[in-house]
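One structure below.
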Amino acid sequence: MFYHIKELQYQAKPERPDPLFAKQMQEVLGGQFGEISVALQYLFQGWSVRGDGKYKDLLLDTATEEIGHIEMLATMIARLLDGAPVGDLEEAAKDPVLGAILGGMNPQHAIVSGLGAMPADSVGNRWTADYIVASGNLLADFRANLNAESQGRLQAVRLYEATNDRGVKDLLSFLIARDTMHQNQWIAAIKELEAAEGDIVVPTTFPRKLEKQEVSYTLFNFSQGSKSAQGSWAKGPAPDGKGVFNYVPEPVPFAPKPKLKPAPPYIHDTPPSAIKSNTQDKNIPPSMM
């Protein structure tokens, strides 16, 4: 059961309206790494935990907080849209300052949402559940959460640098601080699970003997140059403590060139004779096909 408290977790009041910045703020609300994404991600991860315990509680604590952040951002965006011109735009645009704002305003804030926030990013793409990760494997999911909080904090910091409005900065400063906490909590939870499961490679339950272990710790040089060989991932013990890194500067194929049989006639692929004649074109060496 969820219970809504009318007060906000933190204040969300700009110094002045700014329809252009309202459009930019949509990114941390309805973008890929916005508050809608993390709220739904943590909720579904928490609901999927089979059993009770501290990890389920942590997920649902954080998810519910993120719902509050959605409301805070929606309130801020609505207030940034206060007084946005929605009537005679041609007349309003005669004011150079107002014209500059109108040039970057999201027209859907006036036409679709009635000067309110939308479940969309800064360029109008609607939020999609494709953004969220909830696999049922907590170690994998907590790493996805760490990435989401890292990207979200980065975007909030960039918005902070892009405005001089002290009210907007104040709200962003609070959200940035909460992202600091959330990054740290996921790192702590990841370390706990790694220690408890005795491995860092997800899933930890798959028998290593069933994977092709001769390439489990090999870095293949598949790009021009060899600078990647200078990293700790190319030599020395691997972080999981179960292998030693090695580097292959000139990888060779493990299998021959594949040859596929022709499709049945009723599939109506390109006739094999046409493909064969094309590879034998006198102007194109077969090695270049």
Side-chain angles (χ1 to χ4, degrees), residues 1-14 22 25-81 109 112-122 125-153 155-156 159 168 170-190 192-193:
M1 180 176 70
F2 288 88
Y3 185 85
H4 178 253
I5 297 175
K6 293 179 175 62
E7 290 77 19
L8 297 178
Q9 184 186 20
Y10 194 77
Q11 59 191 352
K13 191 173 182 179
M25 288 284 283
Q26 283 284 160
E27 191 64 37
V28 291
L29 173 64
Q32 181 178 0
F33 302 107
E35 300 290 355
I36 296 176
S37 293
V38 290
L40 269 293
Q41 180 157 307
Y42 302 161
L43 282 173
F44 275 92
Q45 289 177 5
W47 291 331
S48 297
V49 173
R50 296 180 178 271
D52 295 321
K54 60 183 179 181
Y55 297 124
K56 186 183 187 80
D57 204 35
L58 175 63
L59 283 163
L60 295 179
D61 280 343
T62 312
T64 307
E65 178 183 2
E66 302 292 10
I67 295 174
H69 293 178
I70 294 172
E71 184 177 14
M72 290 152 57
L73 283 168
T75 301
M76 176 62 80
I77 289 171
R79 286 172 170 167
L80 286 168
L81 291 167
H109 275 152
V112 177
S113 64
L115 303 184
M118 298 185 298
D121 67 14
S122 56
N125 297 313
R126 291 297 190 265
W127 183 87
T128 171
D130 292 339
Y131 294 157
I132 71 172
V133 175
S135 70
N137 183 297
L138 288 177
L139 183 51
D141 285 351
F142 287 174
R143 288 174 176 171
N145 296 350
L146 176 57
N147 176 62
E149 293 288 349
S150 301
Q151 297 290 345
R153 188 174 189 276
Q155 292 179 356
L159 284 172
V168 175
D170 189 39
L171 172 61
L172 289 172
S173 178
F174 178 83
L175 294 175
I176 289 166
R178 295 309 298 153
D179 287 343
T180 296
M181 170 58 193
H182 294 158
Q183 285 189 48
N184 276 284
Q185 77 181 41
W186 297 131
I187 290 171
I190 288 166
E192 273 197 15
L193 281 172

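Owing to the predicted nature of the structure, the values given are computational and were not obtained by experimental measurement. Just the heavy atoms: all of them, side chains too, but no hydrogens, waters or symmetry mates, feed the values below.
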Would you check if [X] and [Y] make a side-chain contact, meaning some heavy-atom pair closer than 4.5 Å?
X: Thr75; Y: Glu71; answer: yes
X: Leu138; Y: Leu59; answer: yes
X: Val38; Y: Asn145; answer: no
X: Glu65; Y: His182; answer: yes
X: Leu172; Y: Met25; answer: yes
X: Leu73; Y: Leu171; answer: yes
X: Val133; Y: Phe44; answer: no
X: Tyr55; Y: Glu192; answer: yes

Which is it for His109 and Ile77 under the side chain to side chain contact (heavy atoms under 4.5 Å, CB included) test, yes or no, and what are the steps along the way? CA-CA 10 Å; His109 275 152; Ile77 289 171; 4.1 Å; yes
Show me, pair by pair, the donor-acceptor contacts under 3.5 angstrom made by side chains of residues 27-35, not counting sequence neighbours?
{"from": "Glu27", "atom 1": "OE1", "to": "Ser122", "atom 2": "N", "distance (Å)": "3.1"}
{"from": "Glu27", "atom 1": "OE1", "to": "Ser122", "atom 2": "OG", "distance (Å)": "2.6"}

Where [X] and [Y] come nearest, the two heavy atoms and their spacing:
X: Ser113; Y: Gly116; answer: OG-O, 2.6 Å
X: Gln183; Y: Glu149; answer: NE2-O, 3.5 Å
X: Asp179; Y: Gly152; answer: OD2-C, 3.8 Å
X: Leu146; Y: Trp186; answer: N-CD1, 4.1 Å
X: Gly46; Y: Lys56; answer: O-NZ, 2.8 Å
X: Gln26; Y: Ala120; answer: NE2-O, 2.8 Å

Whether Gln41 side chain and Ile132 backbone form a donor-acceptor pair below 3.5 Å: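 Not at all, since once roles are kept as given, no pair shorter than 3.5 Å links the two residues.
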Gln45 (side chain) donor-acceptor with Ala134 (main chain) under 3.5 angstrom: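 Checked: no pair found.
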Roughly how far apart are [X] [atom1] and [Y] [atom2], rounded to 0.5 Å?
X: Leu43; Y: Thr62; atom1: CG; atom2: OG1; answer: 10.0 Å
X: Arg79; Y: Leu81; atom1: CZ; atom2: CG; answer: 12.5 Å
X: Tyr10; Y: Asp170; atom1: OH; atom2: CG; answer: 3.0 Å
X: Thr64; Y: His4; atom1: OG1; atom2: NE2; answer: 12.5 Å
X: Met72; Y: Met76; atom1: CE; atom2: CE; answer: 8.5 Å
X: Ser37; Y: Asp121; atom1: OG; atom2: CG; answer: 10.0 Å

Just jot down the side chain to side chain donor-acceptor pair (under 3.5 Å) partners of Ser135, sequence neighbours excluded, or say none.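 For Ser135 the side chain to side chain donor-acceptor pair (under 3.5 Å) partners, ignoring immediate neighbours, are Asp141.
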Is it true that, when you exclude Tyr131 itself, more than 12 heavy atoms of the residues, nucleotides or ligands shown sit nearer than 6.0 Å to its OH?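 Yes, the 6.0 Å shell around OH holds more than 12 heavy atoms from other groups.
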Return yes when atom CZ of Phe2 has more than 12 non-hydrogen atoms of other residues, nucleotides or ligands closer than 6.0 Å, and no otherwise.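 For Phe2, atom CZ is crowded (more than 12 foreign heavy atoms under 6.0 Å).
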Kindly indicate, with the supporting measurements, whether the criterion side chain to side chain contact (heavy atoms under 4.5 Å, CB included) is fulfilled by Phe174 and Gln9. CA-CA 10 Å; Phe174 178 83; Gln9 184 186 20; 3.7 Å; yes
Among residues at least two apart in sequence or on other chains, which ones pass salt bridge (charged side-chain N to carboxylate O under 4.0 Å, His left out) with Arg153?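 For Arg153, no residue satisfies salt bridge (charged side-chain N to carboxylate O under 4.0 Å, His left out) once neighbours in sequence are set aside.
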